[in-house]
Amino acid sequence: MRRMLSSSGARHLKPETQHLYAETSLPPSLVLPASVHYHTELFHERKKQIMAKYPFSDIEAKWQAYWDEHQCFRTPDEIDTSKPKYYVLDMFPYPSGAGLHVGHPEGYTATDILARYKRMKGFNVLHPMGWDAFGLPAEQYAVKTGTHPRETTATNINRFREQLKAIGFSYDWQREVSTTDPDYFRWTQWIFLQLYRKGLAYQAEIPVNWCPELGTVLANEEVIDGKSEVGGHPVVRKPMRQWVLKITDYAERLLQDLDGLDWPDSIKEMQRNWIGRSEGAEVDFAVQGHPDKTIRVFTTRPDTLFGATYMVLAPEHPLAVDLASPEQKDAVLAYRESALRKSELERTELQKKKTGVPTGGYAINPVNGEAIPVWVADYVLWGYGTGAIMAVPAHDDRDFEFATQFQLPITTVVAPVEGSADPGVAFIGEGLAVNSGLIDGLPTAEAKQKITEWLASQGKGQAKVNYKLRDWLFSRQRYWGEPFPIYFVDGEARPVPEEQLPLTLPDVESYKPSGTGESPLSTVEHWLHITDPVTGKPAVRETNTMPQWAGSCWYFLRFIDPKNDTCLVDPGKEKYWMPVDLYVGGAEHAVLHLLYARFWHKVLYDIGVVSTVEPFQRLVNQGMILGEIEYTLFRDGNGHAVSADLVDGEGNHKQTGMALTAEKLTDAEVEKRGEGFVWKQDGAIRIAARAHKMSKSRGNVINPDVVIEQYGADSLRLYEMFMGPLEQVKPWSMRGVEGVYRFLGRVWRMIVDEDTEQLVAAVVDTEPSPEQNKRLHQTIRKVTEDIEALRFNTAISAMMEFVNEATRWTERPRKVLSTFVSLLHPFAPHIAEELWQRLGNDGNLSSHPWPDYDPACLVEAVIKIPVQVNGKTRGVIETDAEAGQEAVVEAALSLATVQAQLEGKTLRKVIFIPGKMLNLVVG
């Protein structure tokens, strides 16, 4: 593990300083002996000695109190809008009971660096934090303990806030919001009413995960292999009344507007795939014996209609039972009941064996009039498309598997342009139409167009653009969520008047499920039954609540104007601050959160609430931080070590198949060799080395509180950024934390005497030398460019190189050190503020201008130029950087080594590249 940092920030060090990092890739003299593991008493004793030289605990407490008292990061309500703005936002967290782990601060540190940097660059910066606080865990805890979710949530928020403040993040805490605050969800409810009035919210019977034994609806994550996570009881899919949002009305805009966003290509592609735009045709199949019924399908390949030899309905399709013959009705009903127990993932698993039953009914193929059998199969989903497909087994993999399994006809209707298709598999490519009547011989594109036009002319179909995206199921049968501002009179939904918002949750005696599938709110009689203010009739409130996604769809707007009680956001403030300039969060939110937030934002744009069509201009996903690398040695039955390259994925010997035993090693017992690790006792034995995702069950979760207690918040911040590029997945290393901690200790001792606590004698008030100015301005340029490009690890490397050089200066100009400390400030703000003050500077660094580099300081006054004779280097001269060819040649001819090469020869040609090289051609 001691070499892991060599693959991140330290590898960017210059050759002249890399030897200092050779063993550990950490700053010089900062490494414990390999035999000393960091959990040992010896290590802790040594750490205590080192900590005395860098009193981070006192420094960090002092400056966090100062920032709080002086509201250093407060963004005023009234600002100078002539200045540029920078809205930098983290995906706000769900405040779980576990608190932060070290993965959370990675993205938060990156945004904090940008926020501090942009403030110093003269920007108005908006850098807020809040809580996505409605959620299932708090309700589950309430069911078990009777504790109100509000209390649990408040406790967890306080814990998170305390942890974030301890890391020194420069959030404007005056703008803090929580989705569970009635003053906040008042406006979530208001947005829902706008969706409802625009016809974008409707009710439908949607299957949910129903557990009869528990008497409750379960979230997808509470269902494992068709059974409840708690108790292992059977779970079935049961249709229930739900609220649904018509996100499909915005599908095309959501797709097209991706093009103008500065997002990772992979994230945009995931959104495109989720939206799933496809062009094709809707086709109506008549039903034999049922002249009043048709089966409508959507297909992207209408050119294959002549090859449709059967149809498949989703088990939930209304016609599945209607079309069933008397002989098949019981089988269809039994199959439907079985399918309802499965999740969509189980039903669409490509590797699973296809199942299905014939209905006994037939449909009429509209292009050739043939009667084809209608089946019911669970691989067709009711919620996708029309819930029915025309099956063309010769040209679709799933249809081919199904037809082969149930011995259904397979008719080829598309042939390759060249060669022939393999009859043992479906030919899914484009080609020429065959056995296809009026489109015979046409290439696929022309065949599609002609058959679609024919279908339209016959009233049997039409061209259609379809989307894989489905409308958004927007209700939960839970207590802990935003109540819908809806009530029912005679079964008809009516909106709660806006002036009566927020509609708050009632206090309840029990958070347990109602037993009917409805939320616990259905049992609160005094809240449930009301009188309609319009008609005076009895009315009943909606008992479903909104999903956790609701509050996170618009929180970035409320941060702009969090105390406004007259509108969601002030139009002038919104116009200034939006869109968000940089949005940072995990890739796990690549689809749903971002898609839902974009959808709501577009609706708000359409009704004039916001001025931008997109909420997040730039998106960056931080990479996951894994646990520490775990080292495994394998042994055979005789106890002999087996090299990891001879072990298969199941832990068996690749050659003998023998089961092997695994033995964990410490990093002190292994050695890095090439791209892998070997056992120190026997270098021929390769060791399996792997970092795993942090989890409680694995016991590899790192608590940032522990890191801060041992090394300080600045070390945590600096290490999280030094590990490697922000977007990469990276393993954690406590030795790496120790390394950056020791680097900060060197920064401290470069300025402060460890014995007297005064400035070291080397700190002077003289003007810097040209060499010192050059190093400083090189560092300014590098750090500035790297922050702008989010290359934080290489910015830190540049600062390490500066410290390596500056500590060798016998005189360290105060001006140079102050400027360096200002560069360090966004990364390690506590120690930077302290050193800034100790260097005699006024004010705090948060409001100090960012230094600009002077290009003139980077120009070499005297340079070295290699001198070649006939292409071979014979010496090096030092000359003025602006020297011309004549002066350079004159200096070169004075070199004895050059004179020896010219003796008795004629100088025929001079090749001079200013500032680079001189080549004398002689003969």
Side-chain angles (χ1 to χ4, degrees), residues 94-97 130-161 176-193 214-219 222 230 240-243 474-489 493-533 538-552 558 565:
Y94 172 72
S96 68
W131 318 104
D132 190 11
F134 278 122
L136 185 58
E139 181 155 358
Q140 289 174 323
Y141 187 73
V143 170
K144 291 178 182 178
T145 67
T147 305
H148 197 296
R150 186 188 305 115
E151 296 178 23
T152 305
T153 300
T155 299
N156 294 346
I157 286 175
N158 290 337
R159 170 78 175 126
F160 264 65
R161 187 191 304 109
E176 178 183 4
V177 300
S178 170
T179 56
T180 61
D181 184 342
D183 289 338
Y184 180 90
F185 70 67
R186 166 193 180 183
W187 297 105
T188 307
Q189 293 172 332
W190 181 86
I191 294 171
F192 175 82
L193 290 180
L214 296 178
T216 186
V217 172
L218 301 178
E222 296 177 291
V230 177
M240 290 191 70
R241 182 185 60 82
Q242 308 280 2
W243 283 98
F474 192 70
S475 53
R476 300 289 184 272
Q477 291 68 50
R478 300 284 178 183
Y479 169 80
W480 191 231
E482 299 94 338
F484 281 93
I486 294 289
Y487 63 94
F488 297 91
V489 178
R494 295 190 179 177
V496 170
E498 289 183 12
E499 60 271 17
Q500 294 182 16
L501 299 180
L503 174 61
T504 58
L505 290 165
D507 290 331
V508 296
E509 294 182 2
S510 172
Y511 304 97
K512 292 182 178 179
S514 64
T516 64
E518 296 177 286
S519 88
L521 293 175
S522 65
T523 65
V524 188
E525 295 293 329
H526 70 275
W527 182 86
L528 183 65
H529 297 286
I530 60 173
T531 300
D532 177 19
V540 179
R541 293 193 193 278
E542 172 62 78
T543 59
N544 286 330
T545 53
M546 298 185 200
Q548 187 176 359
W549 301 109
S552 63
R558 194 59 177 173
D565 61 359

Practice problem: Compare all side-chain heavy atoms of Ser514 with those of Ser522 and state whether any distance is below 4.5 angstrom. | Solution: yes

Exercise. Check whether the side chains of Ser475 and Gln242 place a donor and an acceptor atom closer than 3.5 Å, and report yes or no.
Key: yes

Quiz item: Would His148 and Tyr511 satisfy side-chain contact (heavy atoms from CB on, under 4.5 Å), going step by step from the backbone distance to the final call?
Solution: CA-CA 8 Å; His148 197 296; Tyr511 304 97; 3.0 Å; yes

Self-check item: Closest non-hydrogen atom pair, Asp132 against Gln548
Solution: O-NE2, 3.3 Å

Quiz item: Roughly how far apart are Arg478 CZ and Glu139 CD, rounded to 0.5 Å?
Solution: 5.5 Å

Exercise. Could you tell me the separation between the OG1 atom of Thr180 and the CG atom of Leu505, rounded to the nearest 0.5 Å?
Key: 10.0 Å

Quiz prompt | Neighbour count >12 (heavy atoms, 6.0 Å) for atom CD, Glu509 | solution = no

Quiz prompt | Worked verdict on Ile486 versus Arg494 for side-chain contact (heavy atoms from CB on, under 4.5 Å) | solution = CA-CA 6 Å; Ile486 294 289; Arg494 295 190 179 177; over 6 Å; no

Self-check item: Euclidean distance, Trp527 CH2 relative to Leu503 CG, rounded to 0.5 Å
Solution: 5.5 Å

Quiz item: Between His529 and Tyr487, is any side-chain donor less than 3.5 angstrom from a side-chain acceptor?
Solution: no

Quiz item: Are the side chain of Thr543 and the backbone of Ser519 linked by a donor-acceptor contact shorter than 3.5 Å?
Solution: no

Quiz item: Can a salt bridge be assigned to the pair Asp507 and Arg150 using a cut-off of 4.0 Å between side-chain N and carboxylate O?
Solution: yes

Quiz item: Do the non-hydrogen side-chain atoms of Pro495 and Leu193 ever get within less than 4.5 Å of each other?
Solution: yes

Exercise. Assess whether ring-ring contact (aromatic ring centres under 6.0 Å, His included) is satisfied between Trp243 and Phe192, documenting all intermediate values.
Key: CA-CA 11 Å; Trp243 283 98; Phe192 175 82; 5.5 Å; yes

Practice problem: Search all heavy atoms of Val496 against all heavy atoms of Leu501 and return the closest pair with its distance. | Solution: CG1-CD2, 4.3 Å

Practice problem: Please tell me if the side chains of Pro547 and Phe134 come closer than 4.5 Å, counting only heavy atoms from C-beta onward. | Solution: no

Quiz item: Do you know which two heavy atoms are closest between Ala133 and Thr179, and how far apart they sit?
Solution: N-OG1, 2.8 Å

Practice problem: Decide whether Arg161 and Asn158 meet the rule of one side-chain donor and one side-chain acceptor closer than 3.5 Å. | Solution: yes

Practice problem: Give a yes or no on this: more than 12 heavy atoms of other residues, nucleotides or ligands lie within 6.0 Å of atom OH of Tyr141. | Solution: no

Self-check item: Candidate pair Ser96 and Asn156, rule side-chain contact (heavy atoms from CB on, under 4.5 Å), full reasoning
Solution: CA-CA 6 Å; Ser96 68; Asn156 294 346; 5.6 Å; no

Self-check item: Heavy-atom pair with the smallest gap, counting every atom of Pro182 and Thr504
Solution: CB-CG2, 4.1 Å

Quiz item: If only atom types and distance count, is the side chain of Glu518 paired as donor or acceptor with the main-chain N or O of Asn544 below 3.5 Å?
Solution: no

Quiz item: What's the shortest heavy-atom distance between Pro485 and Met546, and which atoms?
Solution: CD-CE, 3.9 Å

Exercise. Starting from the C-alpha separation in whole Å, work towards a yes-or-no answer on salt bridge (Lys or Arg N to Asp or Glu O under 4.0 Å) for Glu542 and Arg241.
Key: CA-CA 11 Å; Glu542 172 62 78; Arg241 182 185 60 82; 2.7 Å; yes

Practice problem: For the pair Tyr184 (side chain) and Gly551 (backbone), establish whether a donor and an acceptor sit closer than 3.5 Å, ignoring hydrogens and angles. | Solution: yes

Self-check item: Heavy-atom side-chain proximity of Val540 to Leu528 below 4.5 angstrom
Solution: yes

Self-check item: Nearest-0.5 Å distance, CZ of residue Phe185 to CD of residue Glu482
Solution: 7.0 Å

Quiz item: CD1 of Ile530 to CG of Asp532: how many Å apart, nearest 0.5 Å?
Solution: 7.5 Å

Self-check item: Phe474/Phe484 under side-chain contact (heavy atoms from CB on, under 4.5 Å): CA gap, chis, key distance, verdict
Solution: CA-CA 10 Å; Phe474 192 70; Phe484 281 93; 3.7 Å; yes

Self-check item: Nearest heavy atoms of Leu521 and Pro506, plus distance in Å
Solution: CD2-CD, 3.5 Å

